[in-house]
Each structure stands twice: as C-alpha cells, then as structure tokens.
2 protein chains.
Amino acid sequence: MSLQLSVDRSSPVPLYFQLSQQLEAAIEHGTLTPGSLLGNEIELAGRLGLSRPTVRQAIQSLVDKGLLVRRRGVGTQVVHSQVKRPLELSSLYDDLESAGQRPATQVLVNTVVPASAEVAAALGVAEGGDVHRVERLRLAHGEPMAYLCNYLPPDLLELDSAQMEATGLYRLMRAAGITLHSARQSVGARAATAEEGERLGEPAGAPLLTMQRTTFDDTGRAVEFGTHIYRASRYSFEFQLLVRP
Amino acid sequence: MSLQLSVDRSSPVPLYFQLSQQLEAAIEHGTLTPGSLLGNEIELAGRLGLSRPTVRQAIQSLVDKGLLVRRRGVGTQVVHSQVKRPLELSSLYDDLESAGQRPATQVLVNTVVPASAEVAAALGVAEGGDVHRVERLRLAHGEPMAYLCNYLPPDLLELDSAQMEATGLYRLMRAAGITLHSARQSVGARAATAEEGERLGEPAGAPLLTMQRTTFDDTGRAVEFGTHIYRASRYSFEFQLLVRP
DNA sequence: GAAGTTCGATTGTCCGGACAAAGCATTGAC
DNA sequence: GTCAATGCTTTGTCCGGACAATCGAACTTC
C-alpha cells in the first residue's frame, strides 16, 4: 500500500477535509481498490502527523457517503460496490445538459400572485400573501419534455425571466447564496388531459409522470414548491435514497 | 428554558446517543420550539456533566438529520420547518400498513433462475449464475396495488413464501441481519399492456407508475434488484432527497 | 477433529483542553 | 448620522490520552 497522503498545515482548508478529499480521490481513481483495508487509524494518524480524532473525522465523512465501511476489530475497508456518487438534488436542467441533450426553457408566466392554501402551507407563508409564480416549458432538442409550475416565497431571489431561460432554478438559488438541504417529493402518474397533451405534444390519455416537490434550505426554510409534469415517453427520474439509521 | 435533560451513565447506550434522542424527542414534542437557541455547548456540557465533544457529537447527529442548525458566533437553533421525519428507505408493505390500508401479498413465483445480463450487472454476480426470482402481487383492501418482481443474490436469505405473504421484503432482510444503506432508483410511467392491466385490474392503456431499484447494504453489496409496477390511480411515491455537501 | 477459550488488533466512546474563525453588538471616529 | 474598529460570544478545528466493545485468529481442551 504505497498510497501517497499528505496534508498542508498552512492551508486554511481543514486537515480532516484535506484527508477525506485525498482518500475519496484515491477511491475514485482506483488507487484504493474495493475491499482493501485502510490501515488502522492510530498508525495512519502517526504517519500523517495528525491526531486520531482528525483522522476519524475524515474517515467518518466518507463512511457517511457510503464509500467506506468500518468494522470493529477488523479495520476500515473500501466498499466494493457499483455505487458511484450519490446524486445531488437533481435539477432537470443540469441533468439534461450533462446528458448531452440541449436543454432550453420557455418562461410562460413569471408573476406575483396571492398564495393559495396549498402553496401557503407548503411554503410556510400566510394564505393570500404574495408569492412568485413561475410557469416554464422545458425542452430538449427543441421538443417539449416537461411543464414546470413553481412557487417561491417573496424576497428570496430576483426572478429574471432571461436568466431562467438560460439555466435552471436550483443554480440560480445557489448563486443567490441559498444552500439547498433537502426536498420532499411526491411522484405519481396519470393520463394527460387534452390541454396538457397539446402543451407537451402528446395525445390526450398519454401517460404523464407527475412530481410535486417542496425544497428546503439549510435553515429549514421552504424555498420552493412546484408541480411538474413530464412526458413519460421521454423522461424518468433517477435518484438515490439513503437510509438514516 | 426549563428543558429536562439527563443521561444515565450506567446504561450501555452511548451518552451522545441518549442526549440526541432526548433532544430529538423535545423537538418532536414541541418543548424545543423552532428557532429557539439551544444554549451554548460548553454550558450544556457542564450542566449534564459531559464533555464538550460528547455534546457536539449528539448535536451533530441532529444537524445531519436537518433538525438543528449551527451558526458560529450565534449558537445552535432548532430548524423552523415543516420537515417532519426524513423517510426511511420505503417499503411498500410498511407504507400501506402505517397508512391503515390492510396490505396483503400473493407470492406468484418464488424460484431460482440463471441471472440475465441485466440482473447480473445489477447484483454484481456472474451472468447465468443462480439468483432468486420472486414475483408478488401486493394488495390493499383486497384490491391489487402493484406487481413486484425482484431478484436477490443466492446465500443471502431464506426466502419463505409464507413469510413473504405476511410482511415486506425489507423487513425480512433486516431480520436476517442485513443493514440496508442506500438504493438507486429509477421511476417512470407508461401505459399498461393488456396483460398488465388484467393483472392489476386496470384497462389496457391506463397509466402505470414503474420503478426499478437496486438496494445496497452497508458493505456496498447489492442485495436486491427489482422492477415494480404500480397502479397510478392508487399509489404515488413519497420520499425525501438529501443534499450531500 | 470439533468445540470452546484466550488473546491481540481495531474501532467505539469519552474526556479535558487549546486556539482559530466567524457573528454580533457596542463603541468610537469622522 | 454613518462608517469603521473593537471586543465578546459561540462554534469550528485539533490535540493527546484512556478505557470499553467487538472481531478474528490462534490456541487449548476434550
């Protein structure tokens, strides 16, 4: 095991983070092969000139990510799995872009409306209070993929239609300093109405994939509530669920 | 803040875990109201007769769950959100049961077959090697809800048809000492074929919700691969996605 | 040869302390 | 009145050490 590890104490990056990144890179790169032992924590700490708690913190973050497994009396092993990287909270725009499809967006509606009871409950604002309402059509290769209707609380974000045609909503939020934390989603299916079909280029009665989502930032605030409709013939969700012990 | 906290040092339950459970219960119960400060870690540790690292470990676990937020120079606050509890890896059987529906299962097929290329790739076994194949019909109130087809690696579990009619697959796995860690899912929709419709009590062409899932345990092993078909008129997925920073 | 026992290795838990970094409020200067 | 400097509070990072719990293998015993 000739793994090259080193930390830079003059860097402002925390030591445990430097270490966890190097370990993760080694796993990703194949230098640390699945099933291989990592060497015990004490020795590893001594070799790097770190304390055991620091090494443990680095390892723990990778255990949480599912890249490592610790077993008492045995050691810490690299997981042998096909699991690559746990997906982020998926943005349809980014998904399409990285899949080589050329995503485009038409902003159909971008206005401020009074919150309905459902929207108010989801966003945690007063019923009848102002909320942004955005309706978008998402296209790939010029073909309609999905119809997206979103509500956002006021005073959160400048919603510029031009920006929304150039990128996805999540990226705009992150750029505005909002750190997304989690999303509650409900996914179902139903047959398209005539109106929906026309909008998406499907016949009436065609199967549609529906999603309702409320997204929360790291302070627990709801930052977005949306109802999305996807052409089932063109799209399916891929995501990874983690078990919280 | 008259929060009652105490730890039992004679208990085998780790101290940090005792504390995090009490804090979680207080949040759940409303004793700790959203937005309220938790009191600084040093003082909290002193009051409980614990060290600061132990208190931090307890708090950190709740931060990871999204129940608390820490801010330097400010303190640790209870998140003010409608986020309830992060869902576990959902088991359809348990979901139905806790929703008051009376779930039932018919085991249609329970046999060992050679692994197809797709199954072999998903489970990480040799193509043509033995795998369990289980087909089930899941009912609620006597009505068909879903058709479930699952593949499991050999030597993992005793697959008893009677047990599978009495409970869900995940519960059987956990009972066999398997700790589930994560699942990779793909959810889509399509129109029912005549055969599928008949099996589920829907007309041909009715919208169906489809799911493909590979489940991994904490060692990274794939422990299950399944293709499920749900009646969209009767069921939709609810789940929570977490962002991994 | 099989079963139980002991023992070393390794992670799990916990302690007490130290200094740095960031927020916030107050104070001070202009 | 506005802005910058200062100081206090709190979390973030890191250290070194101690003992317990668990696993696996070697060993002993029957």
When rounded to whole Å, the CG to C1' distance for the pair L44(B) and dT9(D) reads 16 Å
Could you tell me whether R184(A) and E238(B) have a side-chain N and a carboxylate O separated by less than 4.0 Å?
yes
N/O (side chain, T76(B)) to phosphate O (OP1/OP2, dT10(D)) under 4.0 Å | no
Tell me, do H228(B) and Q185(B) make a side-chain contact under 4.5 Å, heavy atoms counted?
no
task = Would you check if the side chain of S116(A) reaches a backbone N or O of V119(A) as a donor-acceptor pair within less than 3.5 Å?
result = yes
Are the side chains of T54(A) and L19(A) in contact, using a 4.5 Å heavy-atom criterion? no
Per-nucleotide protein contact along nucleotides 12-17 of chain C, 5' to 3', at a 4.0 Å heavy-atom cut-off (B base, S sugar-phosphate only, - neither), is BBSBB-
Assert: residue with more 5' nearest nucleotide on DNA chain C, out of V74(B) and G73(A), is G73(A)
Next item on the list: Would you tell me whether N110(B) and H132(B) have side-chain atoms, one donor and one acceptor, within less than 3.5 Å of each other?
Entry: no
Is the side chain of Q18(A) donor-acceptor paired with the backbone N or O of V13(A) at a distance under 3.5 Å, no angle test?
-> yes
Q77(A) atom CD is separated from dT10(C) atom P, nearest whole Å, by 13 Å
From CD1 of I42(A) across to C1' of dT11(C) the rounded distance in Å is 9 Å
